[in-house]
Amino acid sequence: MTMIEAIRDAMTVAMTRDANVVVFGEDVGYFGGVFRCTQGLQQKFGAARCFDTPINESGIVGTAIGMAAYGLRPCVEIQFADYVYPAYDQIVSEAARLRYRSNGDFTAPLTIRMPTGGGIFGGQTHSQSPEALFTHVAGLKTVVPSNPHDAKGLLIAAIEDDDPVIFLEPKRLYNGPFDGHHDRPVTPWSKHALGEVPEGHFTVPLGRAVVRRPGAAVTVLAYGTMVHVAIAAAEATGVDAEVIDLRTLLPLDLETIQASVARTGRCIVVHEATLTSGFGAELVALVQEACFYSLEAPIGRVAGWDTPYPHAQEWDYFPGPKRVGEALLEAMAG
Amino acid sequence: MTMIEAIRDAMTVAMTRDANVVVFGEDVGYFGGVFRCTQGLQQKFGAARCFDTPINESGIVGTAIGMAAYGLRPCVEIQFADYVYPAYDQIVSEAARLRYRSNGDFTAPLTIRMPTGGGIFGGQTHSQSPEALFTHVAGLKTVVPSNPHDAKGLLIAAIEDDDPVIFLEPKRLYNGPFDGHHDRPVTPWSKHALGEVPEGHFTVPLGRAVVRRPGAAVTVLAYGTMVHVAIAAAEATGVDAEVIDLRTLLPLDLETIQASVARTGRCIVVHEATLTSGFGAELVALVQEACFYSLEAPIGRVAGWDTPYPHAQEWDYFPGPKRVGEALLEAMAG
Amino acid sequence: MSEPKPLSLHVPQPAVRPGDKPDFSGVHIPRAGTVPRPPVDVAPEEIRDLAYTIIRVLNRDGEAVGPWAGTLSDADALQGLRDMMKVRVFDARMLMAQRQGKTSFYMQCLGEEAIACAFQKALSPGDMNFPTYRQQGLLVAGGYPLVEMMNQIFSNDADPLHGRQLPVMYSARSHGFFSISGNLGTQYVQAVGWAMASAIKGDTKIAAGWIGDGSTAESDFHAALVFASTYKAPVVLNIVNNQWAISTFQGIARGGAGTFAARGHGFGIPALRVDGNDYLAVHAVARWAAERARRNLGPTLVEYVTYRVAAHSTSDDPSAYRPKAESDAWPLGDPVERLKNYLIGRGVWSEDRHAQYNAEVEAEVLAAQREAERHGTLHSGGKPSVRDMFEGVYREMPPHLVRQRRQAGV
Amino acid sequence: MSEPKPLSLHVPQPAVRPGDKPDFSGVHIPRAGTVPRPPVDVAPEEIRDLAYTIIRVLNRDGEAVGPWAGTLSDADALQGLRDMMKVRVFDARMLMAQRQGKTSFYMQCLGEEAIACAFQKALSPGDMNFPTYRQQGLLVAGGYPLVEMMNQIFSNDADPLHGRQLPVMYSARSHGFFSISGNLGTQYVQAVGWAMASAIKGDTKIAAGWIGDGSTAESDFHAALVFASTYKAPVVLNIVNNQWAISTFQGIARGGAGTFAARGHGFGIPALRVDGNDYLAVHAVARWAAERARRNLGPTLVEYVTYRVAAHSTSDDPSAYRPKAESDAWPLGDPVERLKNYLIGRGVWSEDRHAQYNAEVEAEVLAAQREAERHGTLHSGGKPSVRDMFEGVYREMPPHLVRQRRQAGV
Ligand SMILES: Cc1ncc(C[n+]2csc(CCOP(=O)(O)OP(=O)(O)O)c2C)c(N)n1
Ligand SMILES: Cc1ncc(C[n+]2csc(CCOP(=O)(O)OP(=O)(O)O)c2C)c(N)n1
Ligand SMILES: [Mg+2]
Ligand SMILES: [Mg+2]
């Protein structure tokens, strides 16, 4: 199953099990979304449960909050993560704080899906990775799957979660795993173990990381596309890296991270978002605090440069296996 | 001079020297702003250069961008930093990237002032410190003054800067230095050395930190209100802390920081914003990278808890001298 | 074209400023009873005029006249008067409590009591208001306990919101009152979403959104109208035009538009303008709009014309930006006085009973305050726990918050 | 009231879907020449009707008729035809270039050429457009070099934007063309700000904002109207209603409103609706609106009724959501054909000259493409430097970016 199919499957399962699950967003209804993640849902569940919206992201999230307060479980799509900013106030000031400020009188169990990340020559407004803008906000959960299996299990968990969840879908992974070697042909998910997705209902619980590649020399913390890049970098450099796929950024599975770094004594953090104040900074801060006395080298960060995401220079911008490999070697040398 | 007077003075100087400087925002014109920072400017410069706006933060920043592209230098006020989110798209997608995406064909030299921080029993929507949401965005500069002298010099520098500047004014400092001892009477700025503000034009250049309290045992990185809290904590604990007032978060004066930590071998970072993904995380990441081999203890963070800013529990939330003092002692013990 | 002349910026200014004589000659007020009452399924384009006039029921002689009259029995109108009086007494006491340092902040609705009090009576159980901070009348008229409101205002140990919220930012699902946000306008589109949910589920509940004149400028006002218009959401969209947004007169938000109600026209949403100081008119229009929503006819936009008599909040001093006596000159009078005169005219009320009820309500409010104060006020007595500060951020506390709570020693 | 019936959600649907017969019977089209032309200083409330009709000049016989006719000489109209033809040929070639992998992305304006081309002619040097991605006609009609546009599209080493921007996201201050943003709607309120700046400075320049039918739903549309209305900004606010927003028909954004132009009424902004496929009508209305702005009479809202003939972009396939032949059935015809017939009728043009000019313009575009390709295309030949990726984030590169650039080895 591709990641698109897995995401669609997750919504189908959730909508079938719970009549309160509704899906909407720009081009999401009749057409089924510009990435086709919602294809067929309107036909299956009717236009009152899956529909097209006006182009107003604040309206999409704002109405979703009202619906969630009513008792529904909206799962809405923002067409690209780059377009979430008009909805930022509703997310930060409203969804995130509704339970707290009303002491549970009202809650906002909603899921906000959005394609994230670059690698499709989308330029600065179809490539962004804004996860750190959500992890800073108390009351939100933030999830980034790296494969179809997790995408389905995490999305069902997100929809069933009683708190608002930001669900970032690395669009470069939609059709196949991507390890940053953009000049090589894409392997489809059907040839990847994690493209095998159980039928029906299952969840991958929020807040649990997983070791994707065991190793003893250095811990790599990654999520989304960068999980594959990190594995490729480990293979290419021969560094015995342990690659952890965080899956959920908040709540974070610090235990798994800590256990690994305590063993390896070295750590690097990779993400596609711009470096400064990225989620990597938080990871570094946590790891140096939790593992200070086991660390043998500074924790390295590999991330997008602190510039807008450029169009032509996409592959100079993207933190690919070469840069991650260098950071691995540096961590080993440090 | 109070910090309010210093800020007003900065705008008066800038508007007098440059007819392209315009000031606007909610309640900013006739009334002079809810904190009175723009009082008298409309009378002095006319309603075309200082005016009230409709309550639409996106409109305030969006029109300011258009004006800046025209050739003006707007200095706009967002009534509270908590209300900047509706303008977030215009700031992040537009102001921050205009120069880059147009290759300098258009630029956005504008300053966005906003009162920040808690300590006035303002509850969750009059207390926030959203600086990390700006430091993550390439193309923005972010400034937080800690006293009237700097507020004036930095604000003039911000208005004269050719890039968009986020100017966060710790509202708890408006009328006097505040060291977190909320139960003690407020000392007015007139009794503080940094309340002495030069007349006329001068600037405090963006991107330069300053050591506010020299010390040899541990470096404290702080900005805004927390500078005063950190000094109080050092005095109270007797720890020989060096307190650095960052003044500008981005661009950051890493040199000054690095020089200090290299000497002290210990570091703590303090801010009022929520901990997770706060700007403190970036500071920790940078310091551990730059000073790994001189660090004798983990870098501690003292910050707002990861909850919305509560009303009644304000002083349990605020990272006051007690918590900072504990972190100092812990850093010394580490 | 000849050589163009230099352009200049138009910055709207109010008619008067402090020191000037109040002047409401610009406010056109039609005679009570003169505006027609269309059927609720009227086509929006047929009633565009209703956005440019003012629907009024109570005339100068205290009589209820015209096609919008007659929606309330004497008993209901009497209840309305009592509700408004209670709100007014409550406000006065809480203002005093704030001055005494018992809370940090308070917001009155002086002069605007009729709007929320009368509107609430047009709703049914299960309907939901998405209010601003100036609709305490919804709670009072809806029978929410005064002492609970006070507990919230005092942030004491019985505060239903556990001290987390700024005073007056109530939440009361049981009474059809959505949690108030400090961020202007956000609730308006949430109201539309709530109403859409009711329609999606095939339920019969409707929603009401509330917004101030100044806040109509916020972008979520637009989002609300767009979504309400597209999905014909069963929602009443209320605009309380009390002439001021803190220090900013309504002309800054209204711009070149004749009225705020007219904003509905671009969306095909029927828009009505009503005398906000006329309890009977407010009720009649609210009922009309609620019936439209209930009958799946879609949204209605209602502008209530009123005047903010008091300061914006306890942090504000209006004498800096408007004439002190302006509220006395407000041509729509006082809502309590007007309904009182009507009821006296009907022979069911008197000055004496009015004075007597006022004393009763003062006592009731005072008793409630005493009870609330037993649970503490902001700076003394009982307090919500520090532990409460960490609870409720999520349904289950995640590990990082557990760590932080421990660090805080609670 | 009786027991209420269950509510239900209204979700607007287009008249037809793939497989259905195209149906534009719902689009009411008045005869050309029948809509009056008011003076530019007319009071907005006197011309509300103009938001519910369609101003048209070219009739079926290719004649220019009515009060809006006569703003262009034959020479100007001929130039207009040439501009539109050039845009069309340019689009076709760039579409092909994208299919050949010379760039990543392209967006045509097929069928909408008249709007931007004619509007541009109503502006003066120094005025500024704040366009969307579908106003390439502004550049072409304004004489911006085709080769520069192509350099941008190819992200080659002569790209004026140094490869940083998605193809078609041009910026050309010299030609009154503001840097295009990928984020819908943001430019609309910036246009208002730019116009306010001109007024603040006492200059004579005006601005034009551009937005699509779908994007009027964005909140910045509201912000723009609020600010434009309040400060009477010298701006023309254009809405290009091409019936579709990617896969979403205009009914989703329009909701219960009769037209998009009607959105202006709630703001007291004069609103006109015009045949977007009629070059002469577009020009006449643009000139009217520009004159209003120039004379400090404030903003005008103009809705251009047209049809997006091509796919949304090269990433889109419209056959999945609308009938393939729908564009042929579009009742306002093709702008190029209509202006051509008019000019032939005037005796200043012929089928032969048309074919000949088409060949010329094909050659011109091809020559430009050859020149551009000498500087490279996205995946071959010259490229903007990696160093360029780090430049221009700030006026001066701050230390952290210098470090990163060094790390990147450039
Ligand atoms: C997003 C946002 N911007 C600004 C404010 C600050 N603010 C609080 S109330 C207010 C005025 C609102 O006026 P209006 O909508 O007319 O309501 P009224 O107070 O008159 O009832 C302002 C500007 C805010 N709370 N939220
Ligand atoms: C803020 C934002 N939301 C969503 C998008 C994705 N998007 C790009 S174009 C488009 C449709 C716009 O339709 P319309 O305004 O009618 O313009 P048209 O393409 O028809 O010219 C959408 C939804 C975007 N670019 N920006
Ligand atoms: Mg008001
Ligand atoms: Mg369109």
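Keep in mind that this is a model prediction, so the values were computed, not measured. Protein chains get the first letters and strands the later ones, always in sequence-line order, with residue 1 at the start of each.
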Engineer: Tell me, with the steps shown, if C:Met196 and D:Leu9 meet side chain to side chain contact (heavy atoms under 4.5 Å, CB included).
Structural biologist: CA-CA 7 Å; C:Met196 286 172 69; D:Leu9 191 73; 4.0 Å; yes
Engineer: Tell me, out of C:Ser198, C:Gly268, C:Pro299, C:Ser8, who's got the most heavy-atom pairs with chain D below 4.5 Å.
Structural biologist: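 It is C:Ser8.
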Engineer: Tell me, side chain or backbone of C:Arg48 under 4.5 Å from chain D's heavy atoms, or both, or neither?
Structural biologist: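 Contact with chain D involves the side chain of C:Arg48 alone.
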Engineer: Chain D heavy atoms under 4.5 Å from C:Glu218: which part of the residue, side chain, backbone, both or neither?
Structural biologist: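 Only the backbone of C:Glu218 comes within 4.5 Å of chain D.
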Engineer: For the candidates D:Ala197, D:Gly258, D:Ala261, D:Ala257, which exhibits the highest count of non-hydrogen atom pairs separated by less than 4.5 Å from chain C?
Structural biologist: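 Of the candidates given, the most pairs with chain C belong to D:Ala257.
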Engineer: Measure the CD1-CG distance between D:Ile200 and C:Leu7 for me, rounded to the nearest 0.5 Å.
Structural biologist: 11.5 Å
Engineer: Is it the side chain or the backbone of C:Lys201 that comes within 4.5 Å of chain D heavy atoms, both, or neither?
Structural biologist: neither
Engineer: Heavy-atom cut-off 4.5 Å, strictly under: side chain, backbone, both or neither for C:Thr216 against chain D?
Structural biologist: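 Backbone only.
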Engineer: Does any heavy atom of chain D fall under 4.5 Å from the side chain of C:Ala293, the backbone, both, or neither of them?
Structural biologist: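 Only the backbone of C:Ala293 comes within 4.5 Å of chain D.
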Engineer: I'd like to know which of C:Pro12, C:Ala223, C:Ser229 tops the heavy-atom pair count under 4.5 Å against chain D.
Structural biologist: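 Highest number of pairs under 4.5 Å: C:Ser229.
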Engineer: If we define contacts as heavy-atom pairs under 4.5 Å, which of C:Gly256, C:Gly255, C:Ala262, C:Ala233 has the most with chain D?
Structural biologist: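 Heavy-atom pair counts peak at C:Gly256.
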Engineer: Under a 4.5 Å heavy-atom cutoff, which of C:Ile252, C:Thr230, C:Ile269, C:Asp220 has the most pairs with chain D?
Structural biologist: C:Thr230
Engineer: Please look at D:Phe227 and chain C and tell me whether the side chain, the backbone, both or neither of the residue comes under 4.5 angstrom of a heavy atom of that chain.
Structural biologist: neither
Engineer: Under a 3.5 Å distance rule, please check whether C:Thr204 uses its side chain to pair with a backbone N or O of D:Pro6 as donor and acceptor.
Structural biologist: no
Engineer: Among C:Arg295, C:Glu291, C:Arg294, find the residue that satisfies the side-chain contact (heavy atoms from CB on, under 4.5 Å) test when tested with D:Pro4.
Structural biologist: C:Arg294
Engineer: Check each atom of C:Phe260 against the heavy atoms of chain D and say whether the ones under 4.5 Å are side chain, backbone, both or neither.
Structural biologist: neither
Engineer: For the pair D:Phe221 and C:His222, name the ring-plane relationship: parallel under 30°, tilted 30 to 60°, perpendicular over 60°.
Structural biologist: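 Tilted: the ring planes of D:Phe221 and C:His222 meet at 30° to 60°.
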Engineer: May I have the step-by-step check of side chain to side chain contact (heavy atoms under 4.5 Å, CB included) for D:Val226 and C:Arg263, ending in yes or no?
Structural biologist: CA-CA 11 Å; D:Val226 169; C:Arg263 295 270 151 101; 4.3 Å; yes
